[in-house]
Amino acid sequence: MQESKEPSIEIASVGIGDIGIESTTLNVALSINNPMPLGGTLKSVKFGVFLLKQDTESFLGNGEKDNVRIEGGGVTRAEIPVKLKNAAVISAAGGLIGGDLDIVIRGTAAVDLKIAAPEIPFEKKVKINGFLKG
């Protein structure tokens with residue numbers, strides 16, 4: 001008899017969305033892989049976005065989404081926009097405008113599969129090219 005695996009979550013992509021005078025939207029796409037035959041619900045996903053600069057992390061913003069339906073035996077994609085205040089990003093980056101930023105996204109997701117309710121951690125480091133480039 002084959003043993004069932006628990007769901008896993010990966011950050012599929014991170015991209016810059018709308019850029020405004022005061023804020024920039026970071027679009028974070030999650031891939032939720034559910035190898036179990038039964039579907040369920042991603043009750044909540046919460047994560048923080050941090051700027052990596054040398055050996056320090058500076059908090060930039062957070063993302064959150066609730067009640068995402070997860071299909072059984074497949075992959076579900078969830079898009080989560082995160083609004084970052086431009087002043088905070090520029091301040092954390094030391095005044096850098098138009099350069100590349102190294103960020104880390106770290107969080108957890110609570111999955112309700114009726115027969116199990118694991119809390120799944122996830123993390124990914126990414127480089128955002130040309131942030132706030134004119």
Side-chain angles (χ1 to χ4, degrees):
M1 187 172 190
Q2 198 171 6
E3 190 175 320
S4 292
K5 291 184 176 182
E6 288 190 352
S8 62
I9 295 179
E10 293 183 6
I11 298 172
S13 66
V14 179
I16 297 174
D18 295 333
I19 299 175
I21 293 172
E22 294 184 10
S23 66
T24 297
T25 301
L26 197 64
N27 293 321
V28 178
L30 300 179
S31 287
I32 303 107
N33 180 21
N34 181 13
M36 300 173 77
L38 298 174
T41 303
L42 183 64
K43 288 182 4 181
S44 69
V45 59
K46 297 177 183 180
F47 58 86
V49 178
F50 303 87
L51 175 71
L52 297 173
K53 189 175 175 189
Q54 296 161 348
D55 292 332
T56 62
E57 292 183 2
S58 300
F59 178 75
L60 298 178
N62 55 27
E64 187 173 334
K65 191 163 189 166
D66 296 330
N67 300 318
V68 177
R69 177 81 183 124
I70 300 170
E71 297 302 319
V75 176
T76 302
R77 190 172 169 104
E79 301 275 342
I80 304 172
V82 180
K83 252 193 186 164
L84 305 178
K85 293 189 184 289
N86 293 342
V89 174
I90 292 167
S91 174
L96 179 67
I97 299 176
D100 297 340
L101 298 179
D102 292 316
I103 63 170
V104 64
I105 298 171
R106 181 181 307 118
T108 58
V111 181
D112 183 1
L113 297 172
K114 305 298 180 213
I115 60 173
E119 189 163 290
I120 304 167
F122 58 91
E123 179 175 325
K124 184 171 186 174
K125 294 178 184 172
V126 296
K127 184 179 289 289
I128 302 294
N129 299 319
F131 191 83
L132 297 181
K133 200 173 217 173

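Residue indices begin at 1 and follow the sequence shown.
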Trainee: Is there a side-chain contact between Phe47 and Ile80 (heavy atoms, below 4.5 Å)?
Mentor: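 They are in contact (side-chain heavy atoms under 4.5 Å apart), so the answer is yes.
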
Trainee: Under the rule for side chain to side chain contact (heavy atoms under 4.5 Å, CB included), what residues qualify as partners of Asp102, not counting sequence neighbours?
Mentor: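 Partners of Asp102 by the side chain to side chain contact (heavy atoms under 4.5 Å, CB included) criterion, ordered by chain and then number, come out as Leu52, Lys127.
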
Trainee: Could you please spell out the steps behind the side-chain contact (heavy atoms from CB on, under 4.5 Å) verdict for Val68 and Val45?
Mentor: CA-CA 9 Å; Val68 177; Val45 59; 5.8 Å; no

Trainee: When hydrophobic residues are tied together by side-chain contacts of less than 4.5 Å, even through go-betweens, does Val49 share a cluster with Val104?
Mentor: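 No; tracing contacts between hydrophobic side chains, which count when under 4.5 Å, never links both residues.
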
Trainee: Looking at every heavy atom in both Thr108 and Pro121, which two are closest together, and how far apart are they?
Mentor: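 Reported closest heavy-atom pair: CG2-CA, 4.1 Å.
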
Trainee: Show the atom names and distances, to 0.1 Å, of all donor-acceptor pairs under 3.5 Å that link a side chain in residues 58-67 to residues at least two apart or in another chain.
Mentor:
residue: Lys65; atom: NZ; partner: Glu79; partner atom: O; Å: 3.2

Trainee: Looking at every heavy atom in both Met36 and Pro7, which two are closest together, and how far apart are they?
Mentor: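 Looking at all heavy atoms of both residues, the shortest contact is SD-CD, 4.3 Å.
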
Trainee: Looking at every heavy atom in both Asn86 and Ile21, which two are closest together, and how far apart are they?
Mentor: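 Of all heavy-atom pairs spanning Asn86 and Ile21, the closest is ND2-O, 3.3 Å.
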
Trainee: Among all residues two or more places apart in sequence or in another chain, which pass the ring pair (Phe, Tyr, Trp, His ring centres under 6.0 Å) test with Phe122?
Mentor: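 Per chain and number, Phe122 pairs via ring pair (Phe, Tyr, Trp, His ring centres under 6.0 Å) with no residue.
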
Trainee: Under the side-chain contact (heavy atoms from CB on, under 4.5 Å) test against Leu42, which residue among Ile70, Asn34, Thr76 passes?
Mentor: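 Output: one option passes, namely Ile70.
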
Trainee: Looking at every heavy atom in both Ala12 and Arg77, which two are closest together, and how far apart are they?
Mentor: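 Scanning both residues, the minimum pair turns out to be CB-NH1, 3.5 Å.
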
Trainee: Is there a path of hydrophobic side-chain contacts, each under 4.5 Å between heavy atoms, that joins Leu38 and Val75?
Mentor: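 In one cluster with Leu38: Val75, no.
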
Trainee: Between atom CD1 of Ile32 and atom OG1 of Thr41, what is the distance when rounded to the nearest 0.5 Å?
Mentor: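 Output value for this atom pair is 11.0 Å.
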
Trainee: Pro81 and Asn27: which non-hydrogen atoms are nearest, and at how many Å?
Mentor: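 In this case the closest contact between Pro81 and Asn27 is CB-OD1, 3.9 Å.
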
Trainee: Taking atom NZ of Lys83 and atom OG1 of Thr24, what is their separation to the nearest 0.5 Å?
Mentor: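 If I round to the nearest 0.5 Å, the distance is 9.5 Å.
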
Trainee: Which pair of non-hydrogen atoms, one from Glu123 and one from Ile11, has the smallest distance, and what is that distance?
Mentor: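 The answer is C-CD1, 4.3 Å.
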
Trainee: Taking the side chain as everything from C-beta on, heavy atoms only, tell me whether Ile103 gets closer than 4.5 Å to Leu26.
Mentor: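 The answer is yes, as the side chains (C-beta and beyond) meet within the 4.5 Å cut-off.
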
